[in-house]
2 protein chains.
Amino acid sequence: MGISTQDKIKIAARKIFIEKGYSGARTRDIAEEAGINLALVNYYYRSKDTLFKIIMEEKIDELFGTIIPILAKKDTSLIEKIDEVVDKYFDLLLKVPELPLFVINELRQENINSKIVNRLKVIFENKDIVKYLNELNPNLSNYHIMMNFIGIIIFPFISKPIFVSSSIIDQNEFSALIKTQKGIVSQLVKSLALINPQIK
Amino acid sequence: MGISTQDKIKIAARKIFIEKGYSGARTRDIAEEAGINLALVNYYYRSKDTLFKIIMEEKIDELFGTIIPILAKKDTSLIEKIDEVVDKYFDLLLKVPELPLFVINELRQENINSKIVNRLKVIFENKDIVKYLNELNPNLSNYHIMMNFIGIIIFPFISKPIFVSSSIIDQNEFSALIKTQKGIVSQLVKSLALINPQIK
DNA sequence: GTTTATTTTAATCATTTGTTTAATTTTTTA
DNA sequence: TAAAAAATTAAACAAATGATTAAAATAAAC
C-alpha cells in the first residue's frame with residue numbers, strides 16, 4: 001500500500017500552489033496532479049483555502065525554520081553559525097528555488113492566518129537569535145541585521161526569474177552560477193560586520 | 001476635461017495588477033477602480049491579457065530602466081554611479097515598494113511576451129553597463145555583479161511583507177528603518193569590490 | 001442641423017471554478 | 001458474512017469572471 005489519498009492531495013497541493021500561487025492554482029489542477037477525483041480535495045480538506053493555509057504554514061517553517069536551531073545553538077561561534085546557515089540555505093534552495101518568492105508573495109497577498117503570523121513572530125523575535133545576530137554588528141538594529149542577513153542569502157533565488165524567464169541564462173547556467181554565489185554570499189554576510197550606519 | 005477613459009483604465013489597471021497580480025486581479029476590480037463601465041475595459045484594451053502586458057512592460061522599464069542612463073554615463077566615476085543608482089532606487093521604491101515583488105513574480109509566472117523579454121535583454125546585456133560594473137570587481141562574472149548589485153538594493157523592499165504582514169513592524173516603522181537601510185546598502189554594494197570568489 | 005462615427009451602458013453569454021450531492025464501491029467492524 | 005462506516009465517483013450547482021452584444025447617448029463631421 002502506497003501513499004494515502006490525503007497525502008497525495010497534500011503533495012500535489014505543494015507543487016501546484018508553489019508553481020501558481022493561491023489565486024493561480026485551481027482545485028482541478030491539484031486533483032489532476034494527485035491523480036484523484038476532484039471531490040476528494042474538499043472531502044479531505046474542506047476548502048481550497050484550508051488546504052492552502054496548511055501548505056503555507058509548512059512552507060514558512062521550511063523557509064525560516066532552518067535558521068532557528070542553528071543560530072540558537074549555544075556552543076558555536078557566530079562565524080560558524082553563519083557558515084552553517086548559508087550551507088543549509090543553499091542546500092534547501094537548490095532543491096526548491098521557488099520557495100522564497102512563493103512565501104513572500106503570499107504574505108504580501110495576506111493569504112495568512114494568526115497561526116502563520118505567530119509562527120513568523122516566534123522565529124523573528126527569538127531572543128537567542130536576536131542576541132547572537134546582534135553581535136555581528138552592534139551598531140545595526142535587529143531588524144536591519146536580520147533583513148540583510150536573510151536578503152543576501154536568498155536574493156539569488158528570488159532574482160532567478162529575472163534572468164531565466166528572459167533567457168539571459170538557462171537552468172544549467174543558473175545552477176553553475178549559484179555555486180560561485182555561495183562563496184560570495186558567505187563573504188557578503190560577514191561584511192555586514194563592517195557596516196557603519198552613521199557614515200553617509 | 002480631465003483624464004480620458006482609456007487612461008483611467010490604465011491607471012486603475014496599474015494599481016489593481018500591482019496589488020493582486022495577474023491571476024488575482026479581476027477586470028471588474030479594474031473597472032470599478034477606474035469608475036467606468038466594465039465593457040470599456042475590453043472596448044479599449046481588447047482583453048485582460050493585452051492590458052496586463054502593457055502594464056507589465058511599463059513596470060519592467062520603471063524597475064530596471066532606472067539604472068541604464070545612470071550606469072551608462074561616460075563622465076562619472078563608478079562610486080558616483082553607484083550612489084546615484086542607490087539614490088534613485090530608494091526614491092522610486094519608497095513610492096512603490098511593491099514594484100520589485102510584482103515584477104519578479106509575474107516574470108516567474110511567465111506572464112510575458114517577446115517584447116518584454118527583449119526589454120530585459122537590452123537592459124542586462126547593455127555593453128557599457130556590463131563594462132562599468134565589471135570594474136567594481138573583475139574577479140566576478142557579469143551575472144554575479146549585476147545580481148548582487150540589484151539584490152542588495154531592492155531586497156529591503158522585497159522582504160517588506162515578511163515583517164509587515166506578520167506585524168513585526170508597521171508601515172511607519174518600515175519607512176523609518178528604510179532611511180538607515182539606504183546607508184547600509186550603499187556600503188554593502190561597495191563591499192562587493194572586496195569579494196574574492198576563490199576564497200571558501 | 002442632419003448624418004455619421006464614437007463612446008457608453010445594461011444585459012447577457014459562455015466558461016471557469018470552488019463546492020456539494022447522491023449514488024456506488026470499498027473497507028472495516030462485529 | 002452481514003451490517004456499518006469510510007472512501008470514491010460522476011454529475012451537477014451556484015457563483016465568479018472574461019468577454020460580447022445591441023441599444024442608447026454623446027460627439028464629430030459635413
Side-chain angles (χ1 to χ4, degrees), chain A residues 1-59 102 105-106 108-113 115-116, chain B residues 1-59 102 105-106 108-113 115-116:
Chain A
M1 156 289 25
I3 307 156
S4 72
T5 299
Q6 197 162 5
D7 283 347
K8 278 186 199 161
I9 294 170
K10 207 194 260 187
I11 292 165
R14 282 187 197 113
K15 189 182 166 197
I16 299 296
F17 279 134
I18 286 229
E19 201 175 300
K20 313 199 173 187
Y22 179 79
S23 62
R26 296 172 306 143
T27 51
R28 280 165 177 81
D29 295 334
I30 295 170
E32 196 186 353
E33 173 70 31
I36 51 93
N37 186 285
L38 172 64
L40 294 174
V41 176
N42 291 79
Y43 180 77
Y44 283 106
Y45 292 96
R46 207 174 75 245
S47 70
K48 178 186 175 183
D49 192 71
T50 311
L51 178 53
F52 177 80
K53 298 264 161 68
I54 291 169
I55 304 300
M56 186 68 183
E57 270 177 56
E58 241 188 53
K59 292 296 156 186
F102 165 76
N105 203 57
E106 298 300 335
R108 187 171 72 99
Q109 303 298 333
E110 313 260 7
N111 287 336
I112 49 178
N113 55 26
K115 207 169 164 186
I116 293 171
Chain B
M1 161 248 68
I3 306 155
S4 71
T5 300
Q6 197 163 6
D7 284 346
K8 278 186 200 161
I9 295 170
K10 205 194 259 186
I11 291 166
R14 282 187 198 114
K15 189 182 166 196
I16 300 295
F17 279 133
I18 287 229
E19 200 174 299
K20 313 202 173 182
Y22 179 79
S23 62
R26 296 172 306 144
T27 52
R28 279 166 177 80
D29 294 333
I30 295 171
E32 196 185 352
E33 173 71 30
I36 52 93
N37 187 285
L38 172 63
L40 293 173
V41 175
N42 292 79
Y43 179 77
Y44 283 106
Y45 293 96
R46 208 173 75 247
S47 71
K48 177 186 176 184
D49 192 72
T50 312
L51 177 54
F52 177 80
K53 299 265 160 67
I54 290 169
I55 304 299
M56 186 68 182
E57 271 177 56
E58 242 188 54
K59 292 296 157 187
F102 165 76
N105 204 56
E106 298 301 333
R108 186 170 74 99
Q109 304 299 333
E110 312 260 9
N111 287 336
I112 48 177
N113 56 26
K115 208 169 161 186
I116 292 171

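Below, each value reflects all heavy atoms present in this structure, side chains not excepted, and no hydrogens, waters or symmetry copies. Here is how names work: the chains are called A, B, and so on, in the same order as the sequence lines, proteins then strands, and each is numbered from 1.
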Could you go step by step and tell me if B:Ile18 and B:Lys59 meet the side chain to side chain contact (heavy atoms under 4.5 Å, CB included) rule? CA-CA 9 Å; B:Ile18 287 229; B:Lys59 292 296 157 187; 3.8 Å; yes
If you assign B:Thr5 and A:Arg46 each to the DNA chain C nucleotide with the nearest heavy atom, which residue ends up on the more 5' nucleotide? B:Thr5
Phosphate oxygens OP1/OP2 of D:dG18: is one of them under 4.0 Å from a side-chain N or O of B:Thr27? yes
Could you check how far CG of A:Leu38 sits from P of D:dT9, rounded to whole Å? 11 Å
Please confirm whether the shortest side-chain N or O distance from B:Arg26 to OP1 or OP2 of D:dT17 is below 4.0 Å. yes
Give the rounded distance in Å between these two atoms: OH of A:Tyr45 and P of C:dT20. 17 Å
Nearest to the side chain of B:Ala39 - C:dT9, D:dT8, C:dT19? C:dT9
With respect to the phosphate group of C:dT7, does any side-chain polar atom (N or O) of B:Tyr43 fall under 4.0 Å of OP1 or OP2? yes
Under 6.0 Å between ring centres, would you say that holds for A:Phe52 and A:Phe17? yes
Output the rounded distance in Å from CG (A:Leu40) to C1' (D:dA10). 12 Å
Over all heavy atoms of both residues, which pair between B:Ile30 and B:Ile9 is shortest? Give the atoms and the distance, please. CG2-O, 3.9 Å
Phosphate contact (C:dT8 OP1 or OP2) by B:Tyr44 side-chain N/O below 4.0 Å: yes
Can you find a side chain N or O atom of A:Asn37 that sits less than 4.0 Å from OP1 or OP2 on D:dA10? yes
